[in-house]
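Here is the structure we will look at, set down as structure tokens.
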Amino acid sequence: MKWPSLRPIQEEAIHAILKSNADVLISAATAAGKTEAAFLPILSEVHENPTPSVQAMYVGPLKALINDQFGRLEDLCQRAEIDVHRWHGDVDAGKKNRLMEKPSGVLLITPESIESLMINRNTRLPSVFRGLKYVVIDEIHALIGNVRGTHLRSLLFRLRRYVEHDFRIVGLSATLGNAFSDYAEWMRPDRDREVSLISAKDEGKQLLYKIHAYTISKPDAHTSCSADESYKSTGAMPQDMFRHFSGHKNLIFANRKSDVEWFADELNSQCRAKNLPEEFLVHHGSLSKEIREYTEQEMQKERPRTTVCSSTLELGIDIGNVRSVGQVDPPYSVNSLVQRLGRSGRKKGEPQRMRLYIREEDVDEQSELTDRLHLDLLQAIALSELLLSRPRWVEPPRLVSWDLSTLTQQILSTLAETGGCQAGVIFERLCRRGGFRSMPPNVFSELLRGLGKRQIIEQMSQGDLILAPDGEKVVGHYSFYSAFQAPIEFNVIAGSETIGRLPVESLPQVNDHLLLAGRRWQVVAIDDEQKVILVRSSPGKAPPRFLPNGGDIHERVRQKMREVLLASSPVSYLDSTASRLLQNARNAAAFSDIAKGSIVALSPNKILWFTWTGTRTQRALMLIAEVLKLRPVDHHVALELACSQTEATEKFSAYAKSTPNAIQLAEELPFKHINKFDYLVDDTLLVQGLARDYLDLDGALWLIETIS
DNA sequence: GACCTGCTGCGGGGTG
């Protein structure tokens, strides 16, 4: 390959893989040569001991990533005469059939396609995977701690049945943080193999970092101004963004797809006003594949281009050398801030550049206390402080203990794989020796009974369980293969071009204006049958609507926000507005005694309880306050309660003394169906899972103790 | 208060 030398992580990986029997985790920035680090030793071994079977399997979270890696691995493998195959939804059936008939070499695949193999190609599995020695999991941080990771882990355990000798796992990631043990636990719950860690040294890159703040006037409650109106009052922010980013190659991340569209349009309007070519592109998950690929290709060229994007460009898709990264509004985790920052300054000697843009409401003495604390700015500073701290802290993955939705999917899949099976055998494969180790046998039986009651599965006279006709329908539909829930969407089409998709729950009306793919449209017609929205070009503009879908914020981030608020030292990377707003927030905090106690009385019958805690604990507190009939309002870092301080303290203490239990509390949740297959599970079981994974009662009780 | 991801088999029509 004409490389002058190997990188240190590549040399280390060769030793770890060839000279030991351990599983391996490789942690290094994107484009640091992780794929080669894993595959150089693996391919050497495959080359020396060829067998008529797939010998190494690469699992990637994105089709685009698999396509990228396919090219690179083909280059490496050609000379060694090792076959490389890819398998995902866009690969044609002929190629798939050929692999099934003559399995060999390296297979690149998605978790969902492994699921489809289990169901549709089960008779071929022994010959295809008999000689499997290595499973390489790319971007492993994107899979651990969510249902997709639980799914993949279960599939890998199921696959072991077809493998002659147990395979080793090599995980690749750019942000492991200090959570090595969580990853090791995920990979080897039985600790039957060592897991060794190989991580690239911090290169000590120069970092240019700035937070810009803007005040926008609060939408007037009396004129009931729509959410769209607030977009119009962002003031000097788009102009500054244009000055900071035009003429170079950059990425600007926004938290919402509607913001991506809005800011791309604002920035391109400025190009037009200045008679410059439009240089701002868009990238997010509701755009058509063609438009996303166009943006990815444009970013690889030399021309100055800035892409406004959602988290789609956080993962390893190759988008060339990015000069600086922008971020509109504070992100939600240190993890994602690290990933985003890491997209800039990849060239040797280039600094990393990050600009955060924070929108804060204009406030005065009369404004609500929570508004006067400028919580978005505080969150941005808190995340920045955690990002800049050494050693750096990032959120550890949360290993979900009772994913009943994905277990249900795996039960149905096992029945399809085997054509019928004893309950005990399923329990053995999926739970006792599978991915769902913490599942007690009695809960598993109850889950099966629930599926029987719903006529999804049935028991034959000899005792074997099989799929009932309704179960066959669930498994037979192509949407079965993924463990995660996806919304129903309408395609947006202009002429013969598919632009993107919009969720059925928030469709526009005919004649409405719409921004999508960085262009302005008007809706011509909506076809409910075909699920199609026809649009044509039009000068009017309105941001598109997508579904809100809140995620979790870690408690450490909220604690850091409190620390920043109660400190008095200046923060070095703020612009003048941000400094002024931080000082105002600190003054408001001092004036309202937030430092002294966590409860602030707003009126005789209204208090704010500052909890500064993570989403799971806050959720539990909200539910408890509901149960206590305190009419709570969630301000994220605080609870607003309709009572006096004495009443709140008394009621919460009494609750804490009543030996509360998490399951009873979970029963109070208004919506219990969170994940894809929850509709096949009895509520009595779901609340047990929710009590473990969705609410943090212990954290809530601990906070209650601090106020009583 | 948010973002992202994935999947099949078949019929119809065009091309070599």
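All values below were derived from every heavy atom in this structure, side-chain atoms included, with hydrogens, water molecules and symmetry-related copies excluded. Remember, predicted model here, so these are calculated numbers, not experimental data. Naming convention: chains lettered A, B, ... in sequence-line order (proteins, then strands); numbering from 1 in each chain.
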For [X], which contact category applies under a 4.0 Å heavy-atom criterion: base, sugar-phosphate, or nothing?
X: A:Ser113; answer: sugar-phosphate
X: A:Ser479; answer: base
X: A:Asp376; answer: base
X: A:Arg501; answer: nothing
X: A:Asn120; answer: sugar-phosphate
X: A:His284; answer: sugar-phosphate
X: A:Gln618; answer: nothing

Nearest-0.5 Å distance, CD1 of residue A:Ile381 to CG of residue A:Leu565: 9.5 Å
Between CG on residue A:Leu669 and CE on residue A:Met622, distance to nearest 0.5 Å: 11.5 Å
Over how many whole Å does the gap from [X] atom [atom1] to [N] atom [atom2] extend?
X: A:Lys95; N: B:dG9; atom1: NZ; atom2: P; value: 17 Å
X: A:Ile674; N: B:dA2; atom1: CD1; atom2: C1'; value: 15 Å
X: A:Ile553; N: B:dC3; atom1: CD1; atom2: C1'; value: 13 Å
X: A:Leu315; N: B:dG6; atom1: CG; atom2: C1'; value: 14 Å
X: A:Leu62; N: B:dC4; atom1: CG; atom2: C1'; value: 8 Å
X: A:Leu65; N: B:dT5; atom1: CG; atom2: C1'; value: 12 Å
X: A:His141; N: B:dT5; atom1: NE2; atom2: C1'; value: 13 Å
X: A:Lys63; N: B:dC4; atom1: NZ; atom2: C1'; value: 14 Å

Nucleotide nearest A:Ser311 (side chain, heavy atoms from C-beta), chosen from B:dT8, B:dC4, B:dG6: B:dC4
A:Tyr481 side chain, from C-beta outward: closest of B:dT8, B:dC3, B:dG6: B:dT8
Hydrogens and angles aside, do [X] and [Y] bring a side-chain donor and acceptor to less than 3.5 Å of each other?
X: A:Glu112; Y: A:Ser482; result: no
X: A:Lys257; Y: A:Ser286; result: yes
X: A:Asn675; Y: A:Ser405; result: no

NZ/NE/NH1/NH2 to OD/OE distance under 4.0 Å, A:Arg98 and A:Glu101: no
Looking at [X], does any N or O in its side chain come under 4.0 Å of the phosphate oxygens OP1/OP2 on [N]?
X: A:Lys676; N: B:dG6; value: no
X: A:Thr110; N: B:dG6; value: no
X: A:Ser310; N: B:dC4; value: yes

Centroid under 5.5 Å and tilt under 30°, A:Tyr332 to B:dC3: no
Which residue lies more 5' along DNA chain B, comparing A:Glu489 with A:Ala254 via nearest heavy atoms: A:Ala254
